[in-house]
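Notes to accompany the following structure.
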Amino acid sequence: MKVVSIAGLGHHVGSEVLVQGWLYNKRSSGKVRFVLVRDGTGIVQGVVGPGVDAQVFALADTLPQEASLKMGGMVRAEPRAPGGFELAVTYLEPIHVPTTPFPIGLKEHGVGFLMAHRHLWIRSRRQTPLLRIRDATLWAIRSFFRERGFVATEAPVLVGTSVEGTTTLFPLDYFGTPAYLSQSGQLYLEATCAALGKVYWIGPVFRAEKSKTRRHLIEFWMAEAEQAFLDHNGNLALQEDLVRYVVESVVAERSRDLAEVERDPALLLQEVKEPFARITYDEAVAAIWDRGVAMEVGDDFGAPAEDALSHLFGRPVFVERFPASIKPFYMKRDPERPDRVLCADLIAPEGYGEIIGGSQRVDTEEELLAQLREANLPPEPYQWYTDLRRWGSVPHSGFGLGVERTVQWLTGTTHIRETIPFPRTLDRLYP
RNA sequence: UCCCCGGUAGCUCAGUUGGCAGAGCAGCCGGCUGUUAACCGGCGGGCCGGAGGUUCGAGUCCUCCCCGGGGAGCCA
């Protein structure tokens, strides 16, 4: 019998095939046994009916949840079967039979219990589609940049200096020298950008903030890009193209998984159909006040303010030109208004919040040194970075997209911890 | 760091005014010829998070501690 994947069973109707996987669940009714097997691509129901070998019946009765096995039989279309196809089982071969019950049952579990069993939780019905959609998201990002001629250039994860002066870093002992886990690869991308023109990387970054919300991870993945000769407006256009490309790719590629997690693909496509909304920081503050949320001009947006913005347009919105005082030192000032910077945050709709932060970068050494001073940062550790402005400095811009936040939006997932295989959260390093 | 909620069977939870520790699921045994987290009957299963206190009597009330969850701030 030919070994096939469950996702591809539709191509084998009428043929005898073999699937290899794990027993997800079993049910029975009189003389019929239903054996649900998952293989990582999907779940199929095997039916053990009249006329089948007694030994197969016995196995269908006794194999426990998460036993690994091979199941063979004829594929047939069956509207009563989950997924529309089922296997008329004639062959069952156990590979490994657990001797203790699988901890993750099919009924409800508490979050704490699930997180403590994350290594097993990822096998369950909602988690596998989420991880496949995450994969599709990462591939879409890579394809987009590749098609646009960007070069993948990795940034180091072990670094000696901070990127965002404000954010807390994880300190390390680097053979006697203080070092940190990177919170962003951006400064290094600005260097490789001057070597290669258009660059990107996708990698893990670390924030030692004691954040405890459904939108934060201690370790998360960023997709960052940097392009020479790209100005602020070009930067927004690039981000918009990327986000639309990712949404359309994921919807095209993983519609079955989106259905499995009960996310409406039509809504996602509609949200990226029109050009994204663009408002300035000042317009955003006015809109937030208008929605009855209190905040001061000059402050960054709090969670309620960001939520209000997120629901404003029914599509992603760029909030541009923030006050320089609340943004990092490397952002270029708005020539029309020197207390503002040429930056933008992209806020996803439906309350999913900020998924991109980006800006045009400072491109003269004098200006950069001045802004380091204003940020109370010492120039020495940043000398390699300020050096970039001494030889052939050009206008350049870039951004960082939060991969998990994006997957959260694409899948409609309430908590960010389900969008990465092994989330690192406050107070949880196991498993 | 701050605010709120919780901790009772392997899991999810109920437990009244302080008065004998409960259910569903999972496990095991049996039944059912199309199940959809199947269903029906039976069986086993407890350091009520920990320490102290009040009381004739504490899962229940009080104090402290530990652990978990939700949110804020900060950010992607």
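Residue numbers begin at 1 in each chain, while the letters A, B, ... track the order of the sequences.
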Legend entry - Sugar-phosphate, base or nothing in reach of A:Pro304, heavy atoms under 4.0 Å: sugar-phosphate
Inset, instruction - For nucleotides B:rC48 and B:rA37, find the distance between their P atoms and express it as a whole number of Å. - result: 36 Å
Inset, instruction - Considering just the side-chain nitrogens and oxygens of A:His415, establish if one lies under 4.0 Å of OP1 or OP2 belonging to B:rG70. - result: yes
Inset, instruction - Take atom P in B:rG22 and the same atom in B:rG59, then report the distance between them in whole Å. - result: 13 Å
Inset, instruction - Pick base, sugar-phosphate or nothing for A:Glu306, based on heavy-atom distances below 4.0 Å to the nucleic acid. - result: base
Legend entry - 5′-ward residue of the pair A:Arg27/A:Asp300 relative to RNA chain B: A:Arg27
Inset, instruction - Step by step, work out the side chain to side chain contact (heavy atoms under 4.5 Å, CB included) result for A:Leu23 and A:Leu69. - result: CA-CA 7 Å; A:Leu23 195 141; A:Leu69 50 82; 3.9 Å; yes
Legend entry - Distance between C1' atoms of B:rC5 and B:rU33 (Å, rounded): 49 Å
Inset, instruction - Kindly indicate whether the side chain of A:Ser211 and the base of B:rC74 share any N or O donor-acceptor pair separated by less than 3.5 Å? - result: yes
Inset, instruction - Take the protein atom CD1 of A:Ile326 and the nucleotide atom C1' of B:rG73, then report the distance between them rounded to whole Å. - result: 14 Å
Inset, instruction - Take atom C1' in B:rG71 and the same atom in B:rU54, then report the distance between them in whole Å. - result: 35 Å
Inset, instruction - Would you confirm whether the ring centroid of A:Tyr382 sits within less than 6.0 angstrom of the ring centroid of A:Tyr330? - result: no
Inset, instruction - Please check if the distance between the ring centroids of A:Trp201 and A:Phe150 is under 6.0 Å. - result: no
Inset, instruction - I would like to know whether A:Arg215 and A:Glu404 meet salt bridge (Lys or Arg N to Asp or Glu O under 4.0 Å); could you show each step before the answer? - result: CA-CA 9 Å; A:Arg215 299 183 310 280; A:Glu404 289 77 14; over 6 Å; no
Inset, instruction - Could you state the atom-to-atom distance from CD1 of A:Ile347 to C1' of B:rA76 in whole Å? - result: 10 Å
Inset, instruction - Describe the nucleic acid contact of A:Gly302 in one word from base, sugar-phosphate, nothing, applying a heavy-atom distance below 4.0 Å. - result: sugar-phosphate
Inset, instruction - Ignoring backbone atoms, establish whether A:Arg214 has a side-chain N or O less than 4.0 Å from OP1 or OP2 of B:rG69. - result: no
Inset, instruction - Just name whichever nucleotide pairs with B:rA26, Watson-Crick or G-U, keeping both distances under 3.5 Å, else none. - result: none
Inset, instruction - For B:rG71, take OP1 and OP2 only and decide whether either is under 4.0 Å from a side-chain N or O of A:Lys212. - result: no
Inset, instruction - Taking atom P in both B:rU17 and B:rC62, compute the distance separating them and give it to the nearest angstrom. - result: 14 Å
Legend entry - A:Gln65 CD to B:rG27 C1', straight-line distance once rounded to whole Å: 12 Å
Inset, instruction - Please determine, for B:rG6, whether a Watson-Crick or G-U wobble partner exists with both distances under 3.5 Å, and give it or none. - result: B:rC67
Legend entry - More than 12 heavy atoms of other groups within 6.0 Å of A:Met74 CE: no
Legend entry - Whichever of A:Thr62 and A:Leu36 has its nearest RNA chain B nucleotide further upstream toward 5': A:Thr62
Legend entry - Pair A:Trp409-A:Glu271, side-chain hydrogen bond (donor to acceptor under 3.5 Å, both in side chains): steps then yes or no: CA-CA 11 Å; A:Trp409 168 44; A:Glu271 284 172 345; 3.0 Å; yes
Inset, instruction - Please collect all side-chain hydrogen bond (donor to acceptor under 3.5 Å, both in side chains) contacts where either partner lies in residues 33-49 of chain A, sequence neighbours excluded, each pair once. - result: A:Arg33-A:Asp61, A:Arg38-A:Glu66, A:Asp39-A:Thr41, A:Gln45-A:Glu86
Legend entry - Backbone N/O of A:Ala228 and side chain of A:Lys198: donor-acceptor pair under 3.5 Å: no
Inset, instruction - Indicate, with a heavy-atom threshold strictly under 4.0 Å, whether A:Leu217 touches base, sugar-phosphate, or nothing. - result: base
Legend entry - Separation of B:rG73 C1' from A:Arg215 CZ (nearest whole Å): 11 Å
Inset, instruction - Scan residues 347-356 of chain A for pairs that pass salt bridge (Lys or Arg N to Asp or Glu O under 4.0 Å), counting only residues two or more places apart or in two chains. - result: A:Arg263-A:Glu350
Inset, instruction - For nucleotides B:rC61 and B:rU8, find the distance between their P atoms and express it as a whole number of Å. - result: 15 Å
Report each atom pair, protein N/O against N/O of nucleotides 8-12 of chain B, whose distance is under 3.5 angstrom.
{"from": "B:rC11", "atom 1": "O2'", "to": "A:Glu108", "atom 2": "O", "distance (Å)": "3.4"}
{"from": "B:rC11", "atom 1": "O2'", "to": "A:His109", "atom 2": "ND1", "distance (Å)": "2.5"}
{"from": "B:rU12", "atom 1": "OP1", "to": "A:Gly110", "atom 2": "N", "distance (Å)": "2.9"}
{"from": "B:rU12", "atom 1": "O4'", "to": "A:Glu108", "atom 2": "O", "distance (Å)": "3.4"}

Legend entry - Distance, rounded to the nearest Å, where A:Glu404 contributes CD and B:rC75 contributes C1': 13 Å
Inset, instruction - Give the rounded distance in Å between these two atoms: CE of A:Met222 and P of B:rC75. - result: 13 Å
Legend entry - Any strand: nucleotide that pairs with B:rA72 via Watson-Crick or wobble, under 3.5 Å: B:rU1
Inset, instruction - Kindly point out which of B:rG69, B:rC75, B:rG73 is positioned nearest to the side chain of A:Arg417? - result: B:rG69
Inset, instruction - Provide, to the nearest angstrom, the distance between the CG atom belonging to A:Leu426 and the C1' atom belonging to B:rG70. - result: 13 Å
Legend entry - Separation of B:rC74 P from A:Phe170 CZ (nearest whole Å): 19 Å
Legend entry - A:Phe301 ring center within less than 6.0 Å of A:Tyr281 ring center: yes
Legend entry - Same-atom distance (C1') from B:rC25 to B:rU63, integer angstrom: 37 Å
Inset, instruction - State which residues pass ring pair (Phe, Tyr, Trp, His ring centres under 6.0 Å) with A:His232; sequence neighbours excluded, sorted by chain then number. - result: none
Protein-nucleic acid N or O pairs under 3.5 Å, nucleotides 29-34 of chain B:
{"from": "B:rC32", "atom 1": "N3", "to": "A:Gly30", "atom 2": "N", "distance (Å)": "3.3"}
{"from": "B:rC32", "atom 1": "N4", "to": "A:Ser28", "atom 2": "OG", "distance (Å)": "3.3"}
{"from": "B:rU33", "atom 1": "O4'", "to": "A:Lys31", "atom 2": "N", "distance (Å)": "3.2"}
{"from": "B:rG34", "atom 1": "O2'", "to": "A:Arg80", "atom 2": "NH1", "distance (Å)": "2.8"}
{"from": "B:rG34", "atom 1": "O6", "to": "A:Arg76", "atom 2": "NH2", "distance (Å)": "2.9"}
{"from": "B:rG34", "atom 1": "N1", "to": "A:Glu86", "atom 2": "OE1", "distance (Å)": "3.3"}
{"from": "B:rG34", "atom 1": "N1", "to": "A:Glu86", "atom 2": "OE2", "distance (Å)": "2.9"}
{"from": "B:rG34", "atom 1": "N2", "to": "A:Gln45", "atom 2": "NE2", "distance (Å)": "3.0"}
{"from": "B:rG34", "atom 1": "N2", "to": "A:Glu86", "atom 2": "OE1", "distance (Å)": "2.5"}

Inset, instruction - Pick the P atom in B:rU12 and in B:rA26, then give their distance to the nearest Å. - result: 15 Å
Please tabulate, one pair per line, all N/O donor-acceptor pairs under 3.5 Å involving side-chain atoms of residues 9-20 of chain A, not counting sequence neighbours.
{"from": "A:His12", "atom 1": "ND1", "to": "A:Gly8", "atom 2": "O", "distance (Å)": "3.2"}
{"from": "A:Ser15", "atom 1": "OG", "to": "A:His12", "atom 2": "O", "distance (Å)": "3.4"}

